[in-house]
Amino acid sequence: MIGMNNAQIADAFDLIADLLEIQGANPFRVRAYRRGARVVREWHESLARVAADDPARLTAIEGIGRDLADKIQALVSTGSVPLLEELRAQIPPSVLDLMRIPGLGPKKAAVLQRELGINTLDELRAACQAHRLRDLKGFGAKTETAIAAGIDLAQSANERIYWSAADQYAQELVEHLRSVPGIEKIALAGSYRRGRDTVGDLDILTVSSDATAAMDQLAQFDGVEVVARGGTKMTIRLPSGLQVDLRVVPAESFGAALQYFTGSKEHNIVLRGLAKSRGLKINEYGVFEVTPEGEKYVAGRTEEDVYGTLGLPLFPPEIRESRFEFALAGAGPLPRLVELTDLRGDLHMHTTATDGRGTLAEMVAAARARGFAYIAITDHSKRVSMANGLDEARLRAQWAEIDRLNATLTDLRVLKGVEVDILERGGLDLADDCLREADWVVASVHYGQNQSREQITARILGALENPNVSAIAHPTGRLINRRAPYEVDLEAVFKAAAAHGKCLELNANPARLDLDDLAAAAAKAHGIPIVISSDAHSVDGFNVLRYGILQARRAGLTAGDVLNTRAWPEVQRLLGRG
DNA sequence: GCCGTTTTCGGCCCGACTGTTTTCAGTCG
């Protein structure tokens with residue numbers, strides 16, 4: 001079996017980039033490694049396999065040249081690469097911990113390592129206490145104090161929070177700023193606006209006649225610490241550690257600033273490169289024509305204007321990742337991405353029969369209130385004993401209740417479903433003759449998540465081969481910041497799902513969002529219908545669907561790619577059960 | 001280190017803020 005996976009290759013490239021940066025290497029060389037790391041991490045197939053089968057294809061990947069291709073070969077065959085070993089010998093990788101301190105970057109880390117022999121955060125703490133930093137060139141008393149204060153922060157820093165949590169802060173902050181005199185516009189930008197599954201900090205953009213008033217007001221938000229403050233830009237930290245940037249711009253720059261601060265960084269680099277090749281310059285103040293006489297403002301009031309100057313469409317923020325959006329724009333008008341209101345039903349939820357907190361009747365009422373045309377009740381099967389999972393008899397009793405309920409309903413169809421456990425030894429937790437009577441069956445792995453890649457993949461492929469299974473729920477089992485995805489050969493899962501005409505779930509729970517955006521895009525490429533599901537455990541549980549929609553949009557999914565935008569009879573036809 | 005309708009060298013996105021400087025480097029986004 002092949003040694004290194006894409007994530008490990010990417011980590012090696014990132015480590016090389018970090019260490020080169022500390023060495024003061026050519027920044028573009030550093031960027032090349034980072035870019036290489038990114039494309040490798042996001043690549044849809046195993047590069048170890050590509051390297052073994054058809055190595056010439058490696059250099060065909062954008063951002064991978066001859067040198068990085070050779071390094072991929074070395075990494076997958078030997079587990080390392082000479083350059084990395086040399087760098088490690090010169091700089092202990094623990095020095096990278098120093099750069100997690102806000103305000104301490106590669107240059108200062110290099111000075112600390114070279115001049116004072118500091119290799120760890122503990123050694124740095126001791127050096128600060130002995131006031132050994134302040135006499136270094138480029139350092140001073142203030143820097144020393146700031147670094148000392150930042151050491152404790154270094155541990156918790158870089159922790160990205162769920163998008164749903166960031167949304168709470170975002171709404172509170174906007175509410176807090178709304179009343180400031182002179183504020184004309186407030187917008188949220190950054191990865192929050194792009195709908196990333198996690199958010200590292202919040203970017204708030206305002207148009208205001210009085211920047212001072214806006215900043216004063218933000219400084220008064222409960223418990224904030226002001227990190228930096230200038231004439232147009234301010235950075236604060238909330239008690240939770242979340243950093244918030246406020247930027248005040250004139251109205252004629254609002255679109256340019258919104259575009260700029262929404263990013264992503266990679267998207268902006270491409271955009272600016274395109275502008276430059278056309279004699280234009282883009283910054284947060286606008287698009288400028290560059291002539292020998294100087295610069296002339298040509299656009300900036302709206303994002304649409306900014307993109308328009310380059311003949312580009314207004315990209316939905318969710319796809320501004322420099323993954324596929326520029327190619328998409330080149331191929332014609334942008335497709336309309338799926339929206340929350342496109343969903344006609346929800347096909348994964350629980351009731352008090354197992355671990356849900358709403359009764360069947362309550363869940364049905366909540367679904368009707370939302371205007372759904374159909375829902376599937378998918379309680380756990382018996383293996384999930386902690387959740388009081390259903391055996392065949394209890395499940396059939398629930399289905400009988402659903403039959404009776406359906407007889408009274410005209411506007412909503414309740415589907416007889418189940419979330420059947422994929423057992424550790426393979427196979428499903430309920431008998432086929434029972435599953436055959438269901439309208440909708442989601443199969444999922446809950447136990448044995450530490451099994452080998454081969455075992456877990458085989459279990460899921462087994463479920464996909466079962467004619468009674470409709471979809472695989474949360475296909476990688478990840479819990480963001482809490483549990484890594486289990487080892488599974490997603491390529492094999494995609495191929496099998498496509499071959500057997502099965503669906504894959506994008507679980508909208510903000511801690512899951514699994515499939516993630518990249519995997520959902522890959523599944524779409526295989527022609528697999530994606531089901532966006534709430535996995536609701538209460539009547540409020542449907543509210544998470546919007547998080548799933550954001551990830552689906554990031555994957556470039558249209559309503560046509562999402563199974564539960566369709567009417568139920570059409571879903572049945574697609575499943576071959578019509 | 002990558003890349004090419006400026007094609008194998010010479011580019012590679014751009015600006016705000018801070019602290020240590022006295023004209024700017026480093027960091028950050």
Side-chain angles (χ1 to χ4, degrees), chain A residues 13 16-17 20-22 24-39 58-72 83 98-112 133-147 150 157-158 189-192 194 199-205 211 215 226-236 243-249 253 256-257 259-288 290 295 310 322:
Chain A
F13 284 173
I16 291 174
L20 281 174
E21 204 172 21
I22 290 183
N26 176 354
F28 297 107
R29 187 179 173 210
V30 173
R31 184 201 281 178
Y33 276 102
R34 290 208 199 289
R35 185 170 176 218
R38 179 170 183 256
V39 299
L58 289 176
T59 51
I61 299 171
E62 185 124 353
I64 304 297
R66 178 151 205 100
D67 189 273
L68 290 190
D70 288 347
K71 288 193 168 65
I72 291 172
L83 172 63
L98 307 184
M99 297 201 304
R100 294 213 306 268
I101 294 170
L104 208 172
K107 296 285 196 279
K108 284 198 164 71
V111 170
L112 292 172
L133 268 58
R134 54 182 58 187
D135 297 327
L136 293 170
K137 186 171 165 56
F139 288 70
K142 274 195 166 178
T143 306
E144 185 178 88
T145 309
I147 287 175
N158 302 335
S191 58
Y192 169 81
R194 300 200 310 280
V199 172
D201 60 16
L202 285 174
D203 299 286
I204 305 177
L205 189 65
M215 292 189 192
V226 176
V227 176
R229 177 171 175 168
T232 64
K233 185 183 168 193
M234 174 171 175
T235 300
I236 63 164
Q243 186 173 304
V244 181
D245 292 334
L246 173 70
R247 192 70 183 256
V248 186
V249 297
S253 298
Q259 191 290 314
Y260 176 67
F261 289 109
T262 298
S264 66
K265 186 176 174 182
E266 291 79 9
H267 175 91
N268 285 356
I269 287 174
V270 171
L271 197 71
R272 279 149 201 256
L274 287 173
K276 196 160 191 167
S277 68
R278 296 177 192 205
L280 297 171
K281 185 177 87 171
I282 302 184
N283 58 26
E284 59 262 57
Y285 299 108
V287 183
F288 299 87
V290 184
E295 294 172 356
L310 296 172
S322 186

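Below, read A as the first sequence line, B as the second, and so on, with proteins coming before strands; counting in each chain starts at 1.
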Please confirm whether the shortest side-chain N or O distance from [X] to OP1 or OP2 of [N] is below 4.0 Å.
| X | N | value |
| --- | --- | --- |
| A:Lys281 | B:dG15 | yes |
| A:Asn268 | B:dC13 | no |
| A:Thr232 | B:dG15 | no |
| A:Thr143 | B:dT20 | yes |
| A:Arg272 | B:dC13 | no |
| A:Tyr192 | B:dG29 | no |
| A:Gln243 | B:dG29 | yes |

> Where each residue is assigned the nucleotide of DNA chain B containing its nearest heavy atom, which of A:Asp245 and A:Lys137 is assigned the position nearer the 5′ end?
Replying inline: A:Lys137

> DNA chain B: A:Val270 or A:Gly230, which has the more 5' nearest nucleotide?
Replying inline: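 Nearest-nucleotide comparison on DNA chain B picks A:Val270.
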
Under-3.5 Å N/O pairs linking protein and nucleotides 3-5 of chain B:
{"from": "B:dC3", "atom 1": "OP1", "to": "A:Gly63", "atom 2": "N", "distance (Å)": "2.6"}

> If you take all heavy atoms of A:Tyr33 and A:Ala17, which pair is closest and at what distance?
Replying inline: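 Here A:Tyr33 and A:Ala17 meet closest at CB-CB, 3.8 Å.
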
> For B:dT8, which nucleotide is its Watson-Crick or G-U wobble mate, given both distances must be under 3.5 Å?
Replying inline: none

Sugar-phosphate, base or nothing in reach of [X], heavy atoms under 4.0 Å:
| X | result |
| --- | --- |
| A:Pro106 | sugar-phosphate |
| A:Ile101 | sugar-phosphate |
| A:Gly190 | nothing |
| A:Phe261 | nothing |
| A:Leu271 | nothing |

> From the list B:dG15, B:dG29, B:dG1, which nucleotide is the closest neighbour of the side chain of A:Tyr260?
Replying inline: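 My answer, after comparing the listed nucleotides, is B:dG29.
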
> Does the ring of A:Phe139 carry A:Lys108 above it, NZ/CZ under 6.0 angstrom from centre and within 45° of its axis?
Replying inline: yes

> Below 4.0 angstrom, N of the basic side chain to O of the carboxylate: do A:Arg29 and A:Glu21 qualify?
Replying inline: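 No, A:Arg29 and A:Glu21 are not salt-bridged.
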
Could you list the protein-to-nucleotides 8-12 of chain B atom pairs, N/O on both sides, closer than 3.5 Å?
{"from": "B:dC12", "atom 1": "OP1", "to": "A:Lys276", "atom 2": "NZ", "distance (Å)": "2.4"}

